[in-house]
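The chain is numbered in sequence order, starting from 1.
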Amino acid sequence: MTSTQRLPFLKGHGTENDFVIVPDPDGRLDLPATAVARICDRRAGLGGDGLLRAVRSAAHPEARAQADEAEWFMDYRNGDGSIAEMCGNGVRVFARYLLHAGLVEAGDLAIATRAGVRRVHVAKTGDVTVSMGRAELREESVVVTVDGRSWPARNVNMGNPHAVAFVDDLAHAGDLLAVPPFSPASVYPDGVNIEFVVDRGPGRVAMRVHERGSGETRSCGTGACAVAVATARRDGADPTETGTPVTYTVDVLGGSLSITELPDGTVEMTGPAEIVAEGTFTPAWTGAALA
């Protein structure tokens, strides 16, 4: 892309976890981390918790092996430009974009991600459901500390790493501007998403989250899944043993998500996804950002 070309974009969100979407079907666009960070900057750029680059799987070296299962690859970047394996809210918004752009029809589809292929059901309007795969509960002991308070955290992997801490008050999470200290650091060598969770009644919890590479966000889809699975285990429920699905409503700052763990261990997430704007970056700004 040259400095005289206009870079198209869309803006979308899922429970107020917001993303810049950059269509690049043929995989021709080089988006270095510095450019992604500038695009996601809320004052000097368009603003977003992350960036979703839409590339045909066959055109991306990381997704070619998935091309037979999924035509489209979600190249997800955190707001600081770093690469991430997965983003649950991002998958829903990505699916909504594909439908909005006429690239898929409503119904069932598959989306390639760095964490594997995700099966999605997207209606013409309303919620999007994503099969998020199985949660991996790891045995390493983790402790999270904020302002002198410490909590044990459950180590849950949803294609990306999470530490889930149950607290008495969400205010105990602090301002979440910086990564809450956790130990031992060796458990998460590539960083971690940290969720702070309180009970809201039977089958309902609320959370705040510090997302790796983005800071506190209004929502985190994989985090909500990790929270639901960790809550189920805390409550003594394991669908893979009982054969009975378990569903939790997880309240986030930007809304609510419904998370169900099925008897085969698969976790399904249902929630809203909306495209709110589309346009182009100016050539001069694009040239500077990509320089």
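Looking at Asn157, its side chain does come within 3.5 Å of a backbone N or O of Gly159 through a donor-acceptor pair. In this structure, the side chain of Arg208 does not engage the main chain of Arg218 through any donor-acceptor pair within 3.5 Å. Although no hydrogens or angles enter the test, the distance criterion places no donor-acceptor pair under 3.5 Å between the side chain of Ser258 and the main chain of Thr249. Judged purely by atom type and a 3.5 angstrom limit, Asp175 uses its side chain to pair as donor or acceptor with the backbone of Leu177. Although no hydrogens or angles enter the test, the distance criterion places no donor-acceptor pair under 3.5 Å between the side chain of Ser183 and the main chain of Ala185. Formation of a donor-acceptor pair under 3.5 Å by the Thr286 side chain with backbone atoms of Thr282 is found in this model. Checking side-chain atoms of Thr231 against main-chain N and O of Val227 turns up a donor-acceptor pair under 3.5 Å.
Expressed to the nearest 0.5 Å, how far CE of Met86 lies from OG1 of Thr113 amounts to 5.5 Å. The CZ atom of Arg149 lies 3.5 Å from the NE2 atom of His172; values are rounded to the nearest 0.5 Å. Interatomic distance, His210 NE2 to Asn193 CG, rounded to the nearest 0.5 Å: 9.0 Å. Once rounded to the nearest 0.5 Å, the distance linking CG of Leu7 with OG1 of Thr280 reads 8.5 Å. Taking CG of Leu98 as the reference point, atom CD of Glu105 lies at 12.5 Å (rounded to 0.5 Å).
Smallest separation of non-hydrogen atoms from Ala110 and Ala70: O-CB, 3.6 Å. Considering all non-hydrogen atoms of both residues, Leu257 and Gly221 come closest at CD1-CA, 4.2 Å. Nearest heavy atoms, Ala59 versus Arg64: O-NH2, 4.1 Å. Heavy atoms only, all atoms of each residue included: Ile21 and Pro23 are closest at O-CD, 3.6 Å. For the pair Phe94 and Phe73, the tightest heavy-atom approach, listed with the atom from each and the gap, is CZ-O, 3.4 Å. Considering every non-hydrogen atom in both Ser82 and Gly213, the closest pair reads OG-CA, 4.4 Å.
Between the side chains of Asn160 and Glu85, no donor N or O sits under 3.5 Å from an acceptor N or O. For the 3.5 Å distance criterion, the side chains of Thr270 and Asp127 fail to qualify, holding no donor opposite an acceptor. For the 3.5 Å distance criterion, the side chains of Glu278 and His100 qualify, holding a donor opposite an acceptor. No side-chain donor from either of Gln66 and Ser57 sits under 3.5 Å from a side-chain acceptor of the other.
For the pair Arg119 and Glu69, the salt-bridge criterion is met [side-chain N within less than 4.0 Å of a carboxylate O]. Electrostatic pairing of Arg96 and Glu274 does not count as a salt bridge here, judged by no charged N lying under 4.0 Å from a carboxylate O. Under 4.0 Å is where a charged nitrogen must lie from a carboxylate oxygen, and between Asp199 and Arg234 at least one such pair does. Salt-bridge formation is not detected for the pair Glu195/Arg154: no Lys NZ or Arg NE/NH1/NH2 atom is positioned less than 4.0 Å from an Asp or Glu carboxylate oxygen. Under the 4.0 Å criterion applied to side-chain N and carboxylate O atoms, Arg114 and Glu62 are assigned as salt-bridge partners. Between Glu136 and Arg134 no salt bridge is recorded (no basic side-chain N to carboxylate O distance below 4.0 Å).
Clustering ILVMFWY residues whenever any of their side-chain heavy atoms sit less than 4.5 angstrom apart, transitively, puts Val143 in a cluster other than the one holding Val164. By the rule that hydrophobic residues join a cluster once side-chain heavy atoms approach within less than 4.5 Å of another member, Val252 and Ile259 end up as members of one cluster. Both Met269 and Leu99 are assigned to one and the same hydrophobic cluster, defined by single-linkage of ILVMFWY side chains at heavy-atom distances under 4.5 Å. Criterion: ILVMFWY side-chain heavy atoms under 4.5 Å apart, direct or through other members. Under it, Leu262 and Val229 are not part of a common hydrophobic cluster. Transitive grouping of hydrophobic side chains (ILVMFWY, heavy atoms separated by less than 4.5 Å) keeps Val267 and Val117 in distinct clusters.
Inter-residue side-chain proximity for Pro239 and Thr260 is flagged as unmet; no heavy-atom pair is nearer than 4.5 Å. A 4.5 Å side-chain heavy-atom check between Val276 and His13 finds at least one atom pair inside the cut-off. When side chains are defined from C-beta on, Met132 counts as touching Met158, because their heavy atoms get closer than 4.5 Å. Residues Pro272 and Arg92 form a side-chain contact, since some pair of their non-hydrogen atoms from C-beta on lies under 4.5 Å apart. For the pair Glu268/Val130, no side-chain contact is recorded, criterion being any heavy-atom separation below 4.5 Å from C-beta on. Considering only heavy atoms from C-beta on, Met207 comes within 4.5 Å of Val250 through its side chain. Counting only heavy atoms from C-beta outward, the side chains of Cys220 and His162 approach each other to under 4.5 Å. For the pair Trp285/Leu290, no side-chain contact is recorded, criterion being any heavy-atom separation below 4.5 Å from C-beta on.
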Distance-only donor-acceptor hits, side chain of residues 33-54, under 3.5 Å, sequence neighbours excluded:
{"unit_1": "Arg38", "atom_1": "NH1", "unit_2": "Ala288", "atom_2": "O", "d": "3.3"}
{"unit_1": "Asp41", "atom_1": "OD1", "unit_2": "Arg43", "atom_2": "N", "d": "2.8"}
{"unit_1": "Asp41", "atom_1": "OD1", "unit_2": "Ala44", "atom_2": "N", "d": "2.7"}
{"unit_1": "Arg42", "atom_1": "NH1", "unit_2": "Asp18", "atom_2": "OD2", "d": "2.9"}
{"unit_1": "Arg42", "atom_1": "NH2", "unit_2": "Asp18", "atom_2": "OD1", "d": "2.7"}
{"unit_1": "Arg42", "atom_1": "NH2", "unit_2": "Asp18", "atom_2": "OD2", "d": "3.3"}
{"unit_1": "Arg42", "atom_1": "NH2", "unit_2": "Asp49", "atom_2": "OD1", "d": "3.0"}
{"unit_1": "Asp49", "atom_1": "OD2", "unit_2": "Asn17", "atom_2": "ND2", "d": "2.8"}
{"unit_1": "Asp49", "atom_1": "OD2", "unit_2": "Asp18", "atom_2": "N", "d": "3.2"}
{"unit_1": "Arg53", "atom_1": "NE", "unit_2": "Asp75", "atom_2": "OD2", "d": "2.8"}
{"unit_1": "Arg53", "atom_1": "NH1", "unit_2": "Asp24", "atom_2": "OD2", "d": "2.6"}
{"unit_1": "Arg53", "atom_1": "NH1", "unit_2": "Leu29", "atom_2": "O", "d": "3.2"}
{"unit_1": "Arg53", "atom_1": "NH2", "unit_2": "His60", "atom_2": "NE2", "d": "3.3"}
{"unit_1": "Arg53", "atom_1": "NH2", "unit_2": "Asp75", "atom_2": "OD2", "d": "3.1"}

(request) Go through Val120 and Val128 one step at a time and tell me if the side-chain contact (heavy atoms from CB on, under 4.5 Å) criterion holds. (result) CA-CA 7 Å; Val120 180; Val128 178; 3.5 Å; yes
(request) For Val91 and Met74, run side-chain contact (heavy atoms from CB on, under 4.5 Å): C-alpha distance rounded to whole Å, both residues' side-chain angles, the deciding distance at 0.1 Å, then the answer. (result) CA-CA 7 Å; Val91 171; Met74 184 183 78; 3.6 Å; yes
(message) Show, in sequence, the C-alpha distance, side-chain angles and deciding distance for Tyr76 and Phe19, and conclude whether the side-chain contact (heavy atoms from CB on, under 4.5 Å) test is met.
(response) CA-CA 10 Å; Tyr76 178 64; Phe19 309 94; 3.7 Å; yes
(request) Tell me, with the steps shown, if Arg56 and Trp72 meet side-chain contact (heavy atoms from CB on, under 4.5 Å). (result) CA-CA 4 Å; Arg56 283 193 171 87; Trp72 292 96; 3.8 Å; yes
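Remark: Arg204 pairs with Asp251 by the side chain to side chain donor-acceptor pair (under 3.5 Å) rule, at least two apart or across chains.
Atom CG of Asp264 has more than 12 neighbouring heavy atoms from other residues, nucleotides or ligands inside a 6.0 Å radius.
Its side chain within the 4.5 Å cluster rule, Leu176 clusters with Val142, Val144, Val146, Trp151, Val167, Leu170, Val179, Phe182, Val187, Tyr188, Val192, Ile194, Phe196, Val198 among the Ile, Leu, Val, Met, Phe, Trp and Tyr residues.
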